[in-house]
There are 2 protein chains.
Amino acid sequence: MVFSKSFGYALRSILYVVMINENQSRVQIQEVADNLQIPKHFLGKIMKMLAKEKIIDSVKGPFGGFSVNDGTTSIPLIRLMELTDGLEQFQECSLRLRKCNADKPCPMHHRIAQNRNELIAMFSSTTVGDLIKSDDKDFIYSI
Amino acid sequence: MVFSKSFGYALRSILYVVMINENQSRVQIQEVADNLQIPKHFLGKIMKMLAKEKIIDSVKGPFGGFSVNDGTTSIPLIRLMELTDGLEQFQECSLRLRKCNADKPCPMHHRIAQNRNELIAMFSSTTVGDLIKSDDKDFIYSI
DNA sequence: TGATAAAAAGACGTTGACCTCTTTTATGAG
DNA sequence: CTCATAAAAGAGGTCAACGTCTTTTTATCA
Ligand code: FES
Ligand code: FES
């Protein structure tokens with residue numbers, strides 16, 4: 001249950017852009033990379049992908065940068081995961097024997113299936129916006 | 001929550017050796033590799049490691065092979081995980097920001113911590129033997 | 001003792017995640 | 001229109017997980 005670097009970078013960057021956009025119209029890669037300590041060129045690829053997928057908007061040139069759009073905060077986490085890690089890890093058997101299947105369970109299946117389904121449910125029902133609306137905003141200092 | 005190939009190979013191989021040893025004193029890599037469809041030479045490394053860690057016994061030469069010992073079935077799954085994958089994934093932040101810490105939670109922490117602790121508890125309390133004693137032995141066909 | 005069988009050891013190859021660097025393209029200011 | 005700026009694009013590098021192959025060591029038995 002440790003996700004890819006790309007997933008963490010993508011999620012944290014989106015949260016950063018959402019929050020900065022409350023006061024400032026655009027955010028540049030350099031600023032995100034500096035503040036979140038993410039390798040700049042690697043982040044560029046991730047944000048380019050997020051823009052292509054219309055999760056955020058981007059503008060080139062002077063005074064350009066990235067900004068949120070109407071859909072940004074309603075993106076479910078599982079959609080982000082799909083883009084960065086793929087959804088295989090949610091469908092695959094934990095021992096990588098095949099597609100996870102209760103009718104042909106692997107030795108771990110019955111001990112892990114419920115835990116796993118809870119994780120899938122959380123990822124499906126939680127949106128980027130939910131993370132920000134959260135009562136507990138401690139995390140903001142950890143974006 | 002998909003574990004390394006090495007973990008799956010190690011767990012399934014141990015279960016295979018435990019079950020075969022009920023009727024036959026030793027099991028050779030070739031037999032395990034054939035029956036569990038695991039790359040033979042790669043499996044050799046894993047079983048060598050398991051033998052060095054005294055989780056199973058090994059004998060070289062003609063009629064040699066691997067066998068269980070008194071401790072085999074009481075090995076907790078978390079010990080296997082420690083040997084194959086390391087325990088970092090259980091302590092690290094899901095977004096890889098640092099050691100997971102509720103006082104400085106990452107954006108995902110509060111949505112994932114309980115699920116994660118349940119997984120750790122299961123890995124700590126379940127032994128190789130528990131998997132075999134299980135009432136539900138469907139999984140045997142999937143080892 | 002010599003032939004043989006099986007694990008141990010270790011060199012080497014492959015692939016994907018992660019990261020860096022350079023060049024190209026788009027856009028706003030003067 | 002030209003220049004500066006910032007994203008887009010893409011070539012390339014590193015490293016660990018995964019896998020293959022060959023050689024060495026150890027044990028058995030005729
Ligand atoms: S069959 Fe392996 S986890 Fe479901
Ligand atoms: S701080 Fe990130 S999962 Fe606990």
Return no unless some side-chain N or O of B:Ser6 is found under 4.0 Å from OP1 or OP2 of D:dC18.
yes

For C:dA8 and B:Ser58 - does any side-chain N or O of the residue sit under 4.0 Å from the phosphate oxygens OP1/OP2?
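Affirmative; the distance criterion is met.
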
Counting N and O atoms only, with roles assigned by atom type, does the side chain of [X] sit under 3.5 Å from a partner on the main chain of [Y], one being a donor and the other an acceptor?
X        : Y       : result
B:Gln28  : B:Gly64 : yes
B:Thr72  : B:Asn69 : yes
B:Arg116 : A:Val2  : no
A:Arg96  : B:Phe3  : yes

Could you state the [atom1]-[atom2] distance from [X] to [N], rounded to the nearest angstrom?
X       : N      : atom1 : atom2 : value
B:Leu95 : C:dC18 : CG    : P     : 13 Å
B:Ile29 : D:dT20 : CD1   : C1'   : 14 Å
B:Met81 : D:dA17 : CE    : C1'   : 15 Å

Quick check on contacts: within residues 46-57 of chain A, what sits under 4.0 Å from DNA chain C by heavy-atom distance?
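Within residues 46-57 of chain A, no residue comes under 4.0 Å of DNA chain C.
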
By nearest nucleotide on DNA chain C, pick out whichever of B:Gly64 and B:Arg96 is the more 5' one.
B:Gly64

Is the distance from the ring center of B:Tyr16 to that of B:Phe66 below 6.0 Å?
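Ring centres of B:Phe66 and B:Tyr16 not closer than 6.0 Å.
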
Summarise how protein sits on nucleotides 19-30 of chain C as a single string, 5' to 3': B when a protein heavy atom is under 4.0 Å from the base, S for sugar-phosphate-only contact, - for no contact.
BBBB--BBBSS-

Go through the steps for A:Asn21 and A:Ser67 under the test side chain to side chain donor-acceptor pair (under 3.5 Å), then give the verdict.
CA-CA 7 Å; A:Asn21 270 181; A:Ser67 55; 4.7 Å; no

